[in-house]
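A quick write-up on the structure given underneath.
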Amino acid sequence: MKKIIVVTSSPRQNGNSEILARKFAEGALSAGNEVKTVAVRDIGLKFCTGCMYCNSHDKCVLNDGMNALYESFQHADVLVFATPVYYYAVCGQLKTLLDRLNPLYVRENKFKDVYLLATAAEDDEHAMDGAVKDIQGWIDCFDGVKLKGVIRGIGVTEKGEINDTAFPEKAYEMGKNV
């Protein structure tokens, strides 16, 4: 059994990337894994101030929902980031969360596998290249961590439109085989 954290960063509840996150989680649960889902919009996330307090303390100086999450991230086997892609990059909510995961940099982390579930209105898979680069840049800060899988959910504009594609089933299977 693996401990998996699925982060959904869409500002839209039940948006396309959140649907992929839910399907990934369902697949992972069906395979007997433990899954915790974190919706960025629900934790009152504040911007990192760059004060580096977290490098010498076990928490962030900011008082929002992040301090309650660091230990779960540290002890997870797998991290999954779901994001809508706006302007060829991860959404601002996910970028802010990645910045706020800075306290993990000085910790002994268990996670080695990271997955990205991205959705965009654009029909070209290369529209996701910036989002993949964003996640890879974060991963590169941690020894031995790899980007294990990416779903590029292209061509979906309207909320829930992803349900009319093969992408939710792909996310389920990816979660099942994590």
Side-chain angles (χ1 to χ4, degrees), residues 1-49 54 57-86 89-119 131-132 134-139 141-142 145-151 153 159-160 162 167-168 171-172 174-176 178:
M1 177 186 78
K2 294 181 180 177
K3 290 183 179 180
I4 301 168
I5 294 183
V6 177
V7 175
T8 177
S9 60
S10 177
R12 296 192 301 183
Q13 189 169 11
N14 297 315
N16 292 316
S17 63
E18 190 165 289
I19 290 168
L20 291 185
R22 188 169 41 252
K23 288 296 187 179
F24 187 103
E26 287 173 12
L29 285 168
S30 77
N33 296 296
E34 179 183 318
V35 178
K36 177 178 184 156
T37 300
V38 175
V40 174
R41 71 177 168 275
D42 294 339
I43 61 173
L45 188 64
K46 296 178 182 177
F47 293 107
C48 178
T49 64
C54 61
H57 296 81
D58 65 350
K59 64 180 185 172
C60 178
V61 71
L62 298 175
N63 188 19
D64 61 12
M66 286 302 293
N67 284 326
L69 297 173
Y70 293 127
E71 193 169 320
S72 294
F73 275 91
Q74 179 184 0
H75 297 293
D77 298 296
V78 176
L79 303 179
V80 181
F81 298 111
T83 183
V85 172
Y86 306 135
V90 298
C91 70
Q93 292 85 342
L94 181 55
K95 177 60 173 108
T96 299
L97 181 113
L98 294 173
D99 290 346
R100 290 294 305 286
L101 288 175
N102 193 60
L104 297 179
Y105 185 70
V106 296
R107 296 182 183 199
E108 293 290 325
N109 300 299
K110 189 174 179 187
F111 61 86
K112 297 297 176 202
D113 297 341
V114 174
Y115 292 82
L116 173 63
L117 311 172
T119 60
V132 173
D134 291 341
I135 295 298
Q136 188 62 57
W138 183 83
I139 288 170
C141 295
F142 299 93
V145 178
K146 295 190 183 321
L147 182 58
K148 295 290 282 192
V150 177
I151 292 182
K159 183 176 174 182
I162 197 123
F167 297 118
Y172 180 89
M174 187 179 278
K176 187 174 167 183
V178 70

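Position 1 is the first residue of the sequence, and the numbers go up from there. As the structure is a computational prediction, the values presented were derived from the model and not from experiment.
The 12-atom threshold is not exceeded at NZ of K148, counting heavy atoms of other residues, nucleotides or ligands nearer than 6.0 Å. The environment of CD in E71 is sparse: at most 12 heavy-atom neighbours from other residues, nucleotides or ligands sit within 6.0 Å. Other residues, nucleotides and ligands contribute at most 12 non-hydrogen atoms within 6.0 Å of the CZ atom of F47.
Remark: of the listed residues R41, Q13, K159, R41 is the sole one forming a side chain to side chain donor-acceptor pair (under 3.5 Å) with E18.
The side chain to side chain donor-acceptor pair (under 3.5 Å) pairs that include a residue from residues 109-118 are D77-K110, where partners are two or more places apart or lie in different chains.
In this structure, C48 SG and L62 CG are separated by 7.0 Å, a value rounded to the nearest 0.5 Å. Interatomic distance, T83 OG1 to I135 CD1, rounded to the nearest 0.5 Å: 7.5 Å. A distance of 12.0 Å separates CG of L79 from CG of L116, quoted to the nearest 0.5 Å.
Although no hydrogens or angles enter the test, the distance criterion places no donor-acceptor pair under 3.5 Å between the side chain of N67 and the main chain of K59. In this structure, R12 contributes its side chain and S17 its backbone to no donor-acceptor pair below 3.5 Å. Side-chain atoms of D64 come within 3.5 Å of backbone N or O of K46 as a donor-acceptor pair.
The aromatic rings of W138 and F111 sit parallel, their planes meeting at an angle under 30°, below the 60° perpendicular limit.
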